[in-house]
Amino acid sequence: MSAAPATAARPRSFHAGVHPPDRKAATDRLPIERMPFVDRYVLPLAQHIGAPAKPVVQVGQPVQRGELIAEPGGFVSVALHAPASGRVEAIELRLHPNGQMLPAIVIAADPFASQRLAPAPAVDPAALTRDDFLERVQRGGIVGLGGAAFPSHVKLRVPEGKRIRHVVINGCECEPYLTCDHRLMAERPEAVMRGAEIIMGTLEAAHGYVGVEANKPDAIAALAEAAPDSIEVVPLQVKYPQGAEKLLIDAIFEREVPLGGLPIDIEVLVNSVGTTVALCDLFDRGAPLVERIVTVTGPAVARPRNLVVPLGTPLSALLKHCGGLLPNARQVVLGGPMMGMAQKSLDAPIVKGSGGVLCLDRDAVTQLREFPCIRCARCVEACPMQLNPTRLAQLIRAERVDALDGLHLKNCFECAACSFVCPSRIPLVQWMRMGKAMLRAHEAAAQS
Ligand code: SF4
Ligand code: SF4
């Protein structure tokens, strides 16, 4: 059975969730600027979910901006392209934003190069077979830019016997502080619509929706102006985590994705705004994914900004361009404050999934003492997946993996809403992560 859009009064939303202060005012009116090219780029081969890309260049080889430097390492993998013209300086282990040392291609930029992408003819996606379309998306290096970095060609490949009727473009950007999607929707609404039409065309989906939280009225107005009849702009309540795929579907269609299922089970596909524009640029301009928009913000950076940043730009160079860290800086997080990842070094580069660089001061990262659970049930009320975080945390602490059966821990998508509301400051999301790792280990042991 397919989903059908809800007709309830707007703005719509989903069950549960939390209301952290959005803290977007520092950058939500700042136009997107272009980050100048820097001396050196570090391109990890694993910038997406799946097999790492395989280098096709040698150390010492000159490369042009946009040139293929690594090919997909398997079906669930995408290509990687040079973000700047220059020379391959090394292929070696480098610090990844996930904290590990992983293989990367290092490019020394040519200071005399124009750094323009070589012009490429537009390709009409409607003239391609489904397989040719998907191969171009894979070779264009396109992944989910909302943070998941899941290869887009895999997501767009609809299995035999299934179909997509509704395409939802995710413009919620519900993480506090981040504004890169907001600015993209306000400044390039036609590209959002063009990308949505490309996806709808290839999937033969009749209806499109762009879900946007109501705290972005300029983006909503710009999108509504650019929208064709087949695409509806849907204002949504400002609530975290509104941008989670299944919750966005719940808000727009008032239908739940079945437990353990996927959006395709109700004939819906969700794509982020950034990815949608990347698809538009790939087909209309021949541009592979060599850069992305990043919000640099927080109380501990001198000049917050929304920037188009070449992939591989080290955080140190990016922050220098934003006036540097302030003396009270204590932590730099890649992503937002709820789901982002704290960085141990500014040597780590911007990768395809990096939508924000959040610079926090002492007040924002003060570690407050944890107290015992007072059974207030706020975490239960906040959990959008209707889990019982306090009960789960108790069992995980006690390593009672056997007792986790039937409590649906796997449905936790680590949004941190439970941790946010807990008055005892219990790091519930960390217990959920640990519990999921314990479950995986338990299942692997059972299979071996
Ligand atoms: S249990 Fe998981 S899904 Fe539920 S609020 Fe906590 S982190 Fe989010
Ligand atoms: S919110 Fe915190 S204190 Fe309240 S029940 Fe959940 S874990 Fe316990």
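Atoms considered below: every heavy atom in the structure, side chains included; atoms not considered: hydrogens, waters and symmetry mates. We count ligands from 1, going down the list as the structure has it; atoms in each ligand are counted the same way.
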- Step-by-step side-chain contact (heavy atoms from CB on, under 4.5 Å) determination, R292 to L311: CA-CA 7 Å; R292 66 154 300 144; L311 298 175; 4.1 Å; yes
- Run the side chain to side chain donor-acceptor pair (under 3.5 Å) check on D402 and H442 step by step: do they pass? CA-CA 9 Å; D402 54 307; H442 186 70; over 6 Å; no
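Among protein atoms, those of element N, O or S found less than 2.8 Å away from atom 2 (Fe) of ligand 1 are C412 SG. Distances under 2.8 Å from atom 8 (Fe) of ligand 2 pick out the protein N/O/S atoms C373 SG.
Closest heavy-atom contact between P389 and M432: O-CE, 3.3 Å.
Counting heavy-atom neighbours within 6.0 Å of R183 CZ, excluding the residue itself, gives a total above 12. Counted within 6.0 Å of CZ on R29, heavy atoms from surrounding residues, nucleotides or ligands total 12 or fewer; the atom is thus considered open. For CD of E225, the number of neighbouring non-hydrogen atoms (other residues, nucleotides, ligands) closer than 6.0 Å is 12 at most. Within 6.0 Å of CE in M339 there are more than 12 heavy atoms belonging to other residues, nucleotides or ligands.
Taking the six-membered ring for Trp and the full ring otherwise, F420 and Y240 have centroids separated by 6.0 Å or more.
Side chain of T295 to main chain of C180: a donor-acceptor pair is present (N/O by atom type, distance under 3.5 Å, no hydrogens or angles).
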